[in-house]
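Heads up: the structure comes next, in structure tokens.
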Number of protein chains: 2
Amino acid sequence: MSHSGTLRLMAVDREHVLKEAAGLLTRKATAGMDEIAKAAGISRATLHRHFAGRDALIKALEELGIAQFGGALDAARLDEDDAVTALRRLITEAEPVAGFLAFLYTENQLFEGEQTNDGWARLDARIHALFRRGQEEGDFRIDLTPVWLTEALYGLIGAGAWAVHEGRVARRDLDHSIAELLLGGIRRSMEK
Amino acid sequence: MSHSGTLRLMAVDREHVLKEAAGLLTRKATAGMDEIAKAAGISRATLHRHFAGRDALIKALEELGIAQFGGALDAARLDEDDAVTALRRLITEAEPVAGFLAFLYTENQLFEGEQTNDGWARLDARIHALFRRGQEEGDFRIDLTPVWLTEALYGLIGAGAWAVHEGRVARRDLDHSIAELLLGGIRRSMEK
DNA sequence: CCCGAATGAGACATCGACGTCTCACGATTT
DNA sequence: AAATCGTGAGACGTCGATGTCTCATTCGGG
């Protein structure tokens, strides 16, 4: 059937457009539809044929971000090994999508009125579980809640991505910087 | 001279308008000039009499933010006591203005083209100095750069303010949560 | 080779936010 | 009381981004 073939091609193109849009908006959050179209290598008209409007595009990007971050969580295998090792893997896997996530993060707070996508809550829950496991296994301190630890992780990943974007931190140091600070804190430890 | 008297009154009103604008924009970053005027209790016309336009208003807000954060740094007395204690004071003093700072932070990245205000660099330098002192005095680890520690501090304060705004963290726990995580990290310490 | 679907280019209308202007009102000063 | 100043209300024009539409072109399958 040429019909399903057409649909498949559309889907592929859609995916490609989304990726390009994500890359552009990560660098320039205020990019307009014309710039997004140009970045994706298509015309503004075709962009509107794929996505009903800017809102629909952002929604689709949110889904993409959720899927990508979910994939990072999968790749990090959060319930294998000890929680410290799993957290290190999480940071490594999340770093490539950190900039895009930061964009969606700030974009969400501009919607303000509408309900946030359930996908984020599900991702949050997986990270909460990691921190809880670390606490139960005695690796993590218990005087800070998993909710706060999750927020702090997001904050540090976002700050790190931004610092790299601004050239204040080298990308190759990022994983290590985030993981070491988050795990050990600023204080010089006695045990070393 | 009634002239200088008029100027003084204008300045006072200006200050008041700026404070109200800061409060509103902290809650709703997309607020328009009409909403800002209403929040300040003046008409849109008068708002334009005080500030040439939205850009000028944002610039003035940036100055206010720099002044407020600078005041927080002063109040924290960064070069007294040991660096750990000073950092704790800094977090406590910075927390009330964290939301507003976060707004300016995200607002700055939308300008993108223009140069950033020197004031931020001066504030950064003061915090760098605190971290450097902590390293030199042996309180802070030396494998993380003061630049990264500063970015991380900003990230955690911003994430904390947002978490409070979202109701995920209690405001009264914020200081403690930020300071403990930043200083000690997630890992359960052996020394306790 | 022919036909249809998808695309690109551009014109066009819409919409919201912004900035400017005018006018009338109230308060303060003289 | 008269003049002046600051203000509020609102109309008006501008501008950029968005969304829709048309039409010529191109590409691929039949």
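Numbered from 1 within each chain, the chains take letters A, B, ... in sequence-line order. In this text the structure is predicted, and so the values were computed from the model without any measurement.
Taking atom NE2 on A:His16 and atom P on C:dT7, their separation rounds to 13 Å, with Å as the unit. The nearest whole Å value for the distance from the NZ atom in B:Lys38 to the P atom in D:dG10 is 11 Å. A straight line from CZ of A:Phe51 to C1' of D:dT20 spans 18 Å, rounded to a whole angstrom. Atom CG in A:Leu47 sits roughly 17 Å away from atom P in C:dA6 (whole-Å rounding). In this entry the distance linking CG of B:Asp13 with P of D:dC5 reads 18 Å, nearest Å.
Nearest heavy-atom pair, B:Leu78 versus B:Leu130, reported as atom, atom and distance to 0.1 Å: O-CD1, 3.5 Å. Taking every heavy atom of both residues into account, B:Ala22 and B:Phe100 meet most closely at CB-CE1, 3.5 Å.
Taking 3.5 Å as the limit, the base of C:dG8 and the side chain of A:Arg44 contain no donor-acceptor pair of atoms between them.
Contacts between residues 53-62 of chain A and DNA chain D, defined by a heavy-atom separation under 4.0 Å, are made by A:Gly53, A:Arg54.
For the salt bridge (charged side-chain N to carboxylate O under 4.0 Å, His left out) test, residues two or more places apart in sequence or in another chain that qualify with B:Arg171 are B:Glu95. Evaluation of the side-chain hydrogen bond (donor to acceptor under 3.5 Å, both in side chains) rule for A:Thr92 yields A:Asp175 as partners, not counting sequence neighbours.
Between the side chain of B:Arg88 and the main chain of B:Val84, no donor-acceptor pair closer than 3.5 Å is present. At distances below 3.5 Å, at least one donor-acceptor pair connects side-chain atoms of B:Glu35 with backbone N or O atoms of B:Gly32.
Listed candidates were D:dG10, C:dA9, C:dT7. Nearest to the side chain of A:His50 is C:dT7. Which of D:dC21, C:dC18, D:dG8 sits closest to the side chain of B:Met33 comes down to C:dC18. Side-chain atoms of A:His48 lie closest to D:dT20 of the nucleotides D:dT20, C:dT20, D:dA9. In the set C:dC18, C:dT7, D:dT7, D:dT7 carries the atom at the smallest distance from any side-chain atom of B:Arg49.
Distances shorter than 4.0 Å separate none of the side-chain N or O atoms of A:Ser43 from OP1 or OP2 on C:dA9.
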(message) As a quick check of understanding, evaluate side-chain contact (heavy atoms from CB on, under 4.5 Å) for A:Arg168 and B:Glu151, giving each step before the final call.
(response) CA-CA 9 Å; A:Arg168 283 198 272 270; B:Glu151 297 289 329; 2.5 Å; yes
